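In this text, all values refer to a predicted model and were calculated from it rather than measured experimentally.
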Amino acid sequence: MVKNIISKTTAYIVCSFVLNESILYFTGNNDKSFAGYLIVLFFTLFASLLISGILWLIRKLNIYRALAVAVTLIFSFITCAEFCINNSFGFYLSVRDMLQTAGNAAVGFTDNFSDSVKGNLHIFYIILCPTIIYIYAWIKKMVNDKRKSNMPCFLLAAASFLCLALSLIVLAVSGKFGIYREETNFDTSVRNYGLISALRINVLRSENTVEMEPVVLEQDEFFLPTPTPTPTVAETTVSSEETEAPVETTPSPTPTPIQYHDCGLDFDGLAENESNSVIKSMDSYVASLTPAPYNEYTGIFEGYNLIFITAEAFSREAIIPELMPTLNEMYQEGIHFENYYQPAWGGSTSTGEFSNLIGLMPTDCVNSMMRTRYDNMYYTLGNQLRRLNYFSAGYHNNDYKYYNRHQTHCNLGYDTWTGYWNGLEEGLTLQWPESDLEMIDYTVPMYVDKEPFSIYYMSVSGHCTYHKGSNAMAAKNFEYVEDMDCSNTIKCYYAANLEFEFAMESLVKQLDEAGVLEHTLIVIAPDHYPYGLDNSSTWGNTKDYLSELYGYSASDCFLRDHSALIIWTPALEDMDITISDPVFSLDIVPTVSNLMGLDYDSRLLVGRDVFSDDAPIIFWPNKSWMTNIGSYNTSSGKFSFAEGIEMDDEQKKSYIDTINSIVKSRISFSGNVVYNDYYGALFGKIEG
């Protein structure tokens, strides 16, 4: 009977989808709520009922059932893959990004992913359970083969759109409807709306090209810091008696004109003459911003050499003074950042590198870096210094092709990109992970006598897993940490990072012996938090070791992603500079550009020079943000004031709305720069 076919096949599809989504929601979300689950549930019912209605139009029952099984199996396999990825790295990847990174995963993480699958087989069995039951019922002919009309498909479609309406109502009541309309981030979409909705959003809104509105800020000084006032000539008041006879006066000195980090382009004029609507909106957006003026730190390291290092899985907690004296001195005696954050952008190391090197948010996961191959990445530190005829080179002590760096990093400003299998294998021991110390010892002689130089390193010694049997660096250095009062996993994390300490000790020594240390600026930033300490079968962890490392539960992005940024040169040790405002990875490029006196436009980078009067605004892929006033978590919808800050409800709402708007614009700008080669439109396309 028609009733039997509808009930069993439709129930199978709906139950399978709801089960899959429920597993992802309750295992992958820190901020769980009844309203949040209702949103996911109604979106899932909408999709599964709609799919059931469409499939009902298939006249041949066996084809109908086969397609139902095929669709459900595909979704179940994607669910299993997403479960493993989130279990391993703490984020979800779109299918396109999964395929893009599959080759890299096969090279470096085959054993780890195998462990993840083995450790979660019980979850996979549960996910596949509805399909197994349905196929059994089909084989046993427990599903009636008769059908009489197409009316059920219309009823299913009507039911599905009712569920869609209910999901939108819950979104509106919870205050998240506006965020949903603008959402493009896949990881955030999975957590807030479910996997099936994220797949739909990813297809419909995959293009990161967005027309932008100019930003006009009309806030009182409580919201954003007041810009440094323009110096004025002091007026001289002369008494009437003094006017009776001429007196000799010393002319007032002519004030020094304020200089701005401004490329000199007329963006209003560019917008007026631009035919491309997106580029036009970007020109108008930039024109609405005010360039940052020079400050007392502008150019203090002009002409210095630069060594920039992205440190694999590095964290502030790794800097133990007795264990890591070199890194501790750099961290404490350089520019000291009290509140530095390295957001987990999704996509692991590649997206961390993107934010560090480019000064923009990677809006398209690992694909963001790949898109830079043919763009003019005008404002990377590498390209800025290469235009000044610096010797430039990049190094990585793992496969030089990993994340396709051999195709991207030369375009980021490094004349050569050398790693294992194209040059460094001669100086490195083949092991996992490879030694940062061996990389430093082998490469420093290649450039130390070629001043001025601009060097980039991507380290690997701190990589997970953190077990002596699977981590060569942990095994090598375990003797230094075996008496510490912590778990073996944390000891292995310290031991792996100790190789990076030895590398920095060697780097400083070699630079000093070559006589170039005093005029070399060293910048060290992590790529992401140490996700290899998460409770994950992929990394062989049976508990949350990240909380052990931190000393508290990293229950949200603010607690999880705090880290350490090092900007150091010997001259800084006498300056005693501490930055207490929130700082994040997008601030690195403008800050170092200012310190080195580089000719950049502050409006064309998303971050800020930390010495400028611009408001500190840092943000995450899900549009959560933090300022010196407070932090806003979009997952929970909660705003928390910074210590000592108070506002009434009206001020608070105005402030949240303002920063939300700024964050939205900056994320859109980041995506547009890469998707539209905006720097190429301004400064010329690259050849080839």
Which residue in the set Tyr379, Tyr378, Tyr600 passes ring-ring contact (aromatic ring centres under 6.0 Å, His included) when paired with Tyr679?
Tyr379
Heavy atoms of Arg386 and Ser392 approach each other most closely as CD-OG, 4.0 Å
Considering residues at least two apart in sequence or located in another chain, which fulfil the ring pair (Phe, Tyr, Trp, His ring centres under 6.0 Å) criterion with Tyr420?
none
Begin from the C-alpha positions of Thr429 and Glu438 and carry the test side chain to side chain donor-acceptor pair (under 3.5 Å) through to its verdict.
CA-CA 8 Å; Thr429 302; Glu438 289 182 355; 3.0 Å; yes
Before giving the answer on ring pair (Phe, Tyr, Trp, His ring centres under 6.0 Å), spell out for Phe453 and Tyr447 the whole-Å C-alpha distance, their side-chain angles and the decisive distance to 0.1 Å.
CA-CA 7 Å; Phe453 52 75; Tyr447 61 79; 5.0 Å; yes
Would you say Ser670's side chain and Met361's backbone share a donor-acceptor pair under 3.5 angstrom?
yes
Between Tyr395 and Tyr457 (judged by ring centroids, cut-off 6.0 Å), do the two rings come close enough to count as a pair?
yes
Is it the case that the side chain of Ser368 and the backbone of Asp364 share a donor-acceptor pair, with hydrogens and angles ignored and the cut-off at 3.5 Å?
yes
When Ser454 is tested against each of Asn383, Asp415, Leu381, Leu385 for side chain to side chain contact (heavy atoms under 4.5 Å, CB included), which residue passes?
Leu385
Does the side chain of Leu549 come within less than 4.5 Å of Tyr494's, by heavy atoms?
yes
Residue pair Glu312 / His528, side-chain donor-acceptor N/O under 3.5 Å:
yes
What heavy-atom pair brings Pro343 and Tyr341 nearest, and what distance separates the two atoms?
CD-O, 3.4 Å
Minimum heavy-atom separation for Pro526 and Asn356, please, with both atom names.
O-ND2, 3.1 Å
For Asp534 and Tyr529, which I'm curious about, is there any donor-acceptor pair between the side chains at under 3.5 Å?
yes
Given side chains that start at C-beta, do those of Ser563 and Phe314 come closer than 4.5 Å, heavy atoms only?
no
Looking at Tyr340, is Arg316 sitting on its ring face, NZ or CZ under 6.0 Å from the six-membered ring centre and within 45 degrees of the normal?
no
Name all residues meeting the salt bridge (charged side-chain N to carboxylate O under 4.0 Å, His left out) criterion together with Glu353; count only those two or more places apart in sequence or in a different chain, and write none if there are none.
Arg405
All pairs passing side-chain hydrogen bond (donor to acceptor under 3.5 Å, both in side chains) where residues 578-591 contributes a residue, at least two apart
Ser355-Ser585
Donor-acceptor side-chain pairing of Glu329 and Trp568 below 3.5 angstrom:
no
Would you please name every residue forming a salt bridge (charged side-chain N to carboxylate O under 4.0 Å, His left out) with Lys468, sequence neighbours left out?
none
Do Leu507 and Leu511 have side-chain heavy atoms sitting under 4.5 Å apart?
yes
Quick one: closest heavy-atom pair of Ser461 and Pro433, and the distance?
O-CG, 3.5 Å
Any donor-acceptor pair under 3.5 Å linking the side chain of Asn398 with the backbone of Glu434?
no
Under 3.5 Å, side chain of Glu548 to main-chain N/O of Ser487, donor-acceptor pair present?
yes
Would Phe337 and Ile567 satisfy side-chain contact (heavy atoms from CB on, under 4.5 Å), going step by step from the backbone distance to the final call?
CA-CA 9 Å; Phe337 297 92; Ile567 297 180; 3.8 Å; yes
Taking every non-hydrogen atom, the tightest pair across Met369 and Ser350
CB-OG, 3.6 Å
Among Ile335, Ile577, Asp609, the one residue meeting side chain to side chain contact (heavy atoms under 4.5 Å, CB included) with Tyr297
Ile577
Taking only residues two or more places apart in sequence, or in another chain, which ones meet Trp345 in a ring pair (Phe, Tyr, Trp, His ring centres under 6.0 Å)?
none
Steps toward side-chain contact (heavy atoms from CB on, under 4.5 Å) verdict (Asp574, Glu333):
CA-CA 8 Å; Asp574 298 325; Glu333 303 299 330; over 6 Å; no
Look at the aromatic rings of His396 and Trp417 and report parallel, tilted or perpendicular, splitting at 30° and 60°.
parallel
Do Phe308 and Leu521 have side-chain heavy atoms sitting under 4.5 Å apart?
no
Validation row: Glu505, Leu437 side chains within 4.5 angstrom (heavy atoms):
no
Output all residues satisfying side-chain contact (heavy atoms from CB on, under 4.5 Å) with Asn422, sequence neighbours left out; order by chain, then residue number.
Tyr400, Thr418
More than 12 non-hydrogen atoms from neighbouring residues, nucleotides or ligands closer than 6.0 Å to NZ on Lys450, yes or no?
yes
Side-chain donor-acceptor pair under 3.5 Å between Asp527 and Thr349, yes or no?
yes
Residues that Ser547 engages under side-chain contact (heavy atoms from CB on, under 4.5 Å), provided they are two or more places apart
Asp544, Ser553
Passes side-chain contact (heavy atoms from CB on, under 4.5 Å), Met504 versus Thr326? Steps please.
CA-CA 7 Å; Met504 293 304 96; Thr326 302; 4.1 Å; yes
Can you name the ring pair (Phe, Tyr, Trp, His ring centres under 6.0 Å) partners of Phe91, sequence neighbours left out?
Phe89
Would you say that Val523 contacts Leu306 through its side chain, given a criterion of any heavy-atom pair below 4.5 Å between the two side chains?
yes
Exactly one candidate in Phe584, Trp625, Phe558 meets ring-ring contact (aromatic ring centres under 6.0 Å, His included) with Trp620; the answer is Phe558
By side-chain contact (heavy atoms from CB on, under 4.5 Å), which residues pair with Cys365, not counting sequence neighbours?
Leu93, Asp97
Identify the two heavy atoms, one from Lys491 and one from Val481, that lie closest to each other, and give their separation to 0.1 Å.
O-CG2, 3.3 Å
A side-chain contact here means heavy atoms from C-beta on lying under 4.5 Å apart; do Asn305 and Phe391 qualify?
no
Check: Trp432 and His463 side chains under 4.5 Å, non-hydrogen atoms
yes
Checking Ser536 against Asn541: is there a side-chain donor and acceptor pair closer than 3.5 Å?
no
Do side-chain atoms of Asn397 reach the backbone of Ser459 as a donor and acceptor pair under 3.5 angstrom?
no
With sequence neighbours excluded, what pairs up with Lys476 under the salt bridge (charged side-chain N to carboxylate O under 4.0 Å, His left out) test?
Glu499
Is it the case that the side chains of Ser470 and Thr465 hold a donor-acceptor pair, with the cut-off being a distance below 3.5 Å and no angle test?
yes
Name all residues meeting the ring pair (Phe, Tyr, Trp, His ring centres under 6.0 Å) criterion together with Phe301; count only those two or more places apart in sequence or in a different chain, and write none if there are none.
Tyr304
Do Gln510 and Asp441 get their side chains close enough for a donor-acceptor pair, meaning under 3.5 Å?
yes
State which residues pass side-chain contact (heavy atoms from CB on, under 4.5 Å) with Asn86; sequence neighbours excluded, sorted by chain then number.
Tyr92, Arg191
Using a 6.0 Å distance limit plus a 45 degree cone around the ring axis, check whether Arg560 lies over the aromatic ring of Tyr531.
no
